[in-house]
Number of protein chains: 2
Amino acid sequence: MSGNLTLDRPLVNMDASHRAGIRNRLLGKLSPKDWSLLQPHLEAVSLRERQVIEAPQKPIAHAYFLEIGVASVVAVDNEDHRIEVGVIGYEGVTGVPLIMGDNRAQHSTYMQIPGSGHRIAADRLCAAIEDSPSLRSLLLKSAQGFMIQTAHTALANGRAKLEERLARWLLMAHDRMTSNAVPLTHEFLAVMLGVRRAGVTVAIHSFEQRGFVTTRRGELTVVNRPGLERVAGSFYGTPEAELERLLGTV
Amino acid sequence: MSGNLTLDRPLVNMDASHRAGIRNRLLGKLSPKDWSLLQPHLEAVSLRERQVIEAPQKPIAHAYFLEIGVASVVAVDNEDHRIEVGVIGYEGVTGVPLIMGDNRAQHSTYMQIPGSGHRIAADRLCAAIEDSPSLRSLLLKSAQGFMIQTAHTALANGRAKLEERLARWLLMAHDRMTSNAVPLTHEFLAVMLGVRRAGVTVAIHSFEQRGFVTTRRGELTVVNRPGLERVAGSFYGTPEAELERLLGTV
DNA sequence: CGTATGTCGTACGCTTCCGTACTGAAAAAG
DNA sequence: CTTTTTCAGTACGGAAGCGTACGACATACG
C-alpha cells in the first residue's frame, strides 16, 4: 500500500555483488577485473538540474554511470518536435551509442532530476569495451534494456491516454529515486510526454483526488504506488522486468 | 518528380563493395573474411506474406538478412496493445537482440511485404560475432540504426498526425521495395500505426486526391514520392540519414 | 455461377486532447 | 517588504481521431 522508500521497487536489487559505496547497478556488477579497468578513469561528478549530458549531433564526451538522479533522453527533429524516448538512472549508463560503436549523440540527454554519478571519457570507455568481452557483454545488455524501454515508449505514445502515460512516467522516475518526491513542474512533465502543460495539470489533479499523489508547487510526491500501477496498466512493467532478466543473467 | 524505381531512394546504395547476387546491404559490406565466416551457414529462403520471423518471449532461431520484402517489428504488451516500432528490409537484419547478446525476442516480427532473404542460425551468428570484431562492429552499427528508427517512431507516435505517420510509413516501406506498389490492406496499415482502419482509408483517400498515390483493392501505389515527403515533413528522414552515416563509416 | 468472405467507403456521436489565454498564488529577486 | 517571475488552476471552442456500424463491392471458392 505504501511504496515507501526503495523496498518494493523492481529495479532496486541490493544483491551480493554490490560494490561498496557504489549504487550504480552496472558498476556494482562488474567483475573485479573490469572494475579495475574502469575505476582509474572514473570521475565522481554531481549533476545539476537540467545539466546537459549529450546534445544532438554532437560527439559524446563522457558516459555517465548515474548514482542518484534521473536523466531524460529526448528525441528531437528538424522541426523542433521533441519527446522523451527513455530515462536513465542508477540502473544504467548514458551514452548508449558509445556501446554500439558510435560516438555521436542522436538525442538530447539531460538531467531531469538532479543527482550524481561517475563519468568516464568516451574513448576510455570504448577502449575498455574493446579489451574486455565481459564488460562489453554487460553494457550491451544494458543497451538492449534501454532499447526495450524505447520501444515501449513508442507503444505508450501511440496507444496510451495521457493519464496512463503520466502514471508510467512517474513510476519509471520513482523506480530510480531515493525519495518519493519528484521535483518537477507540470511544464517539464508535459515536454517529456509531448502533451499540453494544462493536460498534465488536470491529470495530476485527478491522481491527487484519488489519493495517488500529493503536490506542492514544483514537486509531486508519490503516496500510493499501486494506484499508479493500476492506472498505467501494462504500459508499465515489461521493460523493467526485461531489464531484470537481462542483468540477472550476466 | 517521379520517385520511380530505386534511383532516388536514400537507402539504396549500389556501392563498389556490392557482392554479386546479394542485395542485402550488410552482407554486401562484409569483408571477404567475414563473408567466408557467414556464407557457409547462410540459407536462402523465400518469405511469405505474414510469415512469422520472431514471436515475443520466444528464443530467436534465425537471423534473416533480407533481400526483398519488408518485415515489421511490432511491440506487444500483456493487454494486447500493439504497435509497430520498426521496419527492416534489405538494409538490415532481423534478430537485433542476438547482436546485443540476448537470444530472446522481445517483439513480434513478421513479413509485412513478402520477399526473400538469407537466414543463419542464431548460435552460428553469435559465434561469428564473437570471432570477428569487424563483423560485430558492422552489426552493432546496424542495430544502432534500428534503435534510432525506433526512437523516431516514438517521436512520430507521440507528435505526428495520422496523415504524417502514414506518409512516413509509406516512405519507409517504399525505400525498401523494388516496385512502387505496396500490397497491403488498410487494415494492416492501421494495425501497424495503431489507428483505426477507417482513419487509414480516409487518409489514403486524401493522398489519392492529391495525386500522391493510386489505389486498388489490397494495393497502393506510390506515384508522387516528394508529395509524401512533404506531408511527412521531418518525421521522415532523420533515421534514414543516420543509417547512411553509420553504414558509411564502416 | 452463386455465395462467402474480405475489403473499402462512409457516417454519427463521442472522447480525448489541443491551442490559447487569463487569473491567482507561490516563490524568487531586488 | 515589494516587485518580478514562475507555476498552477481553469476555461472555451475546436480539431483529431475513436468506436461502432452498415452497405457496397471485389475477389476467391465451392
Side-chain angles (χ1 to χ4, degrees), chain A residues 48-50 79-83 112-113 155-170 181-210 212-221 231-233 235, chain B residues 48-50 79-84 112-113 155-170 181-210 213-221 231-233 235:
Chain A
R48 296 179 311 281
E49 201 169 89
R50 238 65 70 193
E79 289 166 20
D80 211 48
H81 301 114
R82 58 185 62 219
I83 208 161
Q112 199 61 259
I113 296 175
L155 177 61
N157 288 355
R159 289 297 206 176
K161 298 198 216 311
L162 200 163
E163 275 202 4
E164 296 167 325
R165 293 212 280 144
L166 179 59
R168 173 178 125 97
W169 195 93
L170 292 175
V182 185
L184 277 182
T185 66
H186 300 180
E187 180 66 42
F188 275 100
L189 288 165
V191 169
M192 285 183 285
L193 298 177
V195 299
R196 241 186 357 150
R197 193 270 308 163
V200 171
T201 301
V202 171
I204 287 178
H205 228 79
S206 160
F207 287 172
E208 198 171 8
Q209 286 181 329
R210 285 186 271 173
F212 301 160
V213 303
T214 59
T215 63
R216 286 200 306 141
R217 188 187 161 88
E219 186 178 285
L220 175 154
T221 304
V231 172
F235 290 114
Chain B
R48 295 180 311 281
E49 201 169 274
R50 237 67 69 193
E79 289 166 19
D80 212 47
H81 302 116
R82 57 185 63 219
I83 208 160
E84 186 184 80
Q112 198 61 261
I113 296 174
L155 177 62
N157 289 355
R159 288 298 206 177
K161 298 200 216 311
L162 200 162
E163 275 201 4
E164 296 167 325
R165 294 212 278 144
L166 179 58
R168 174 177 126 97
W169 196 91
L170 292 175
V182 185
L184 277 183
T185 65
H186 299 181
E187 181 66 42
F188 275 99
L189 288 166
V191 169
M192 285 183 285
L193 298 178
V195 298
R196 240 184 1 150
R197 193 271 309 162
V200 171
T201 301
V202 171
I204 287 179
H205 228 81
S206 160
F207 287 171
E208 197 171 9
Q209 286 180 330
R210 285 186 269 174
V213 303
T214 58
T215 63
R216 288 199 305 141
R217 190 188 163 85
E219 186 177 286
L220 175 154
T221 304
V231 173
F235 290 113

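Below, chains carry the letters A, B, ... as their sequence lines are ordered, and counting in each starts from 1.
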Using 30° and 60° as the class boundaries, would you call the ring planes of A:F212 and A:F207 parallel, tilted or perpendicular? tilted
Nucleotide D:dA8, atom C1' - distance to CD of A:E208 in whole Å: 11 Å
Using nucleotides 13-17 of chain D, report all nitrogen or oxygen pairs with the protein that are shorter than 3.5 Å.
unit_1, atom_1, unit_2, atom_2, d
D:dG17, OP1, B:L162, N, 2.5

Please lay out, stage by stage, how B:R159 and A:E79 fare under the test salt bridge (Lys or Arg N to Asp or Glu O under 4.0 Å). CA-CA 11 Å; B:R159 288 298 206 177; A:E79 289 166 20; over 6 Å; no
For A:G218 and B:R165, take the nucleotide of DNA chain D holding the closest heavy atom to each; which residue's nucleotide lies nearer the 5' end? A:G218
Check: A:L189 and A:I204 side chains under 4.5 Å, non-hydrogen atoms: yes
5'-most contact on DNA chain D: A:L184 or B:R217, nearest heavy atom basis? A:L184
Atom pair CD1 (A:I83) and CG (A:N157), whose distance is rounded to the nearest 0.5 Å: 4.0 Å
Whole-Å distance between C:dA26 P and A:L220 CG? 18 Å
Under 6.0 Å from the CZ atom of B:R50, do we count more than 12 heavy atoms belonging to anything else shown? yes
Reckon A:H186 has a side-chain N or O less than 4.0 Å from the OP1 or OP2 of D:dT6? no
If you find the nucleotide of DNA chain C closest to A:R216 and the one closest to A:G194, which residue's nucleotide is nearer the 5' end? A:G194
Rounding to an integer number of Å, can you tell me how far A:L193 CG sits from C:dT16 P? 17 Å
Figure out the CD/P separation between B:E219 and C:dC8, and round it to whole Å. 11 Å
Tell me whether the OP1 or OP2 atom of C:dT10 has a side-chain N or O from B:H205 closer than 4.0 Å. yes
Would you kindly give the CZ-to-P distance between A:F188 and D:dA8, to the nearest whole Å? 11 Å
Verify the neighbour count for atom CZ of B:R48: are there more than 12 heavy atoms of other residues, nucleotides or ligands below 6.0 Å? no
Using whole Å, what does the distance between atom P of nucleotide C:dA28 and atom CD of A:E49 come to? 11 Å
Could you state the CZ-P distance from A:R197 to C:dC18, rounded to the nearest angstrom? 12 Å
Using whole Å, what does the distance between atom C1' of nucleotide C:dC17 and atom CZ of A:R159 come to? 17 Å
Identify whether the distance between the nearest side-chain nitrogen and carboxylate oxygen of A:R216 and A:E219 falls below 4.0 Å. yes
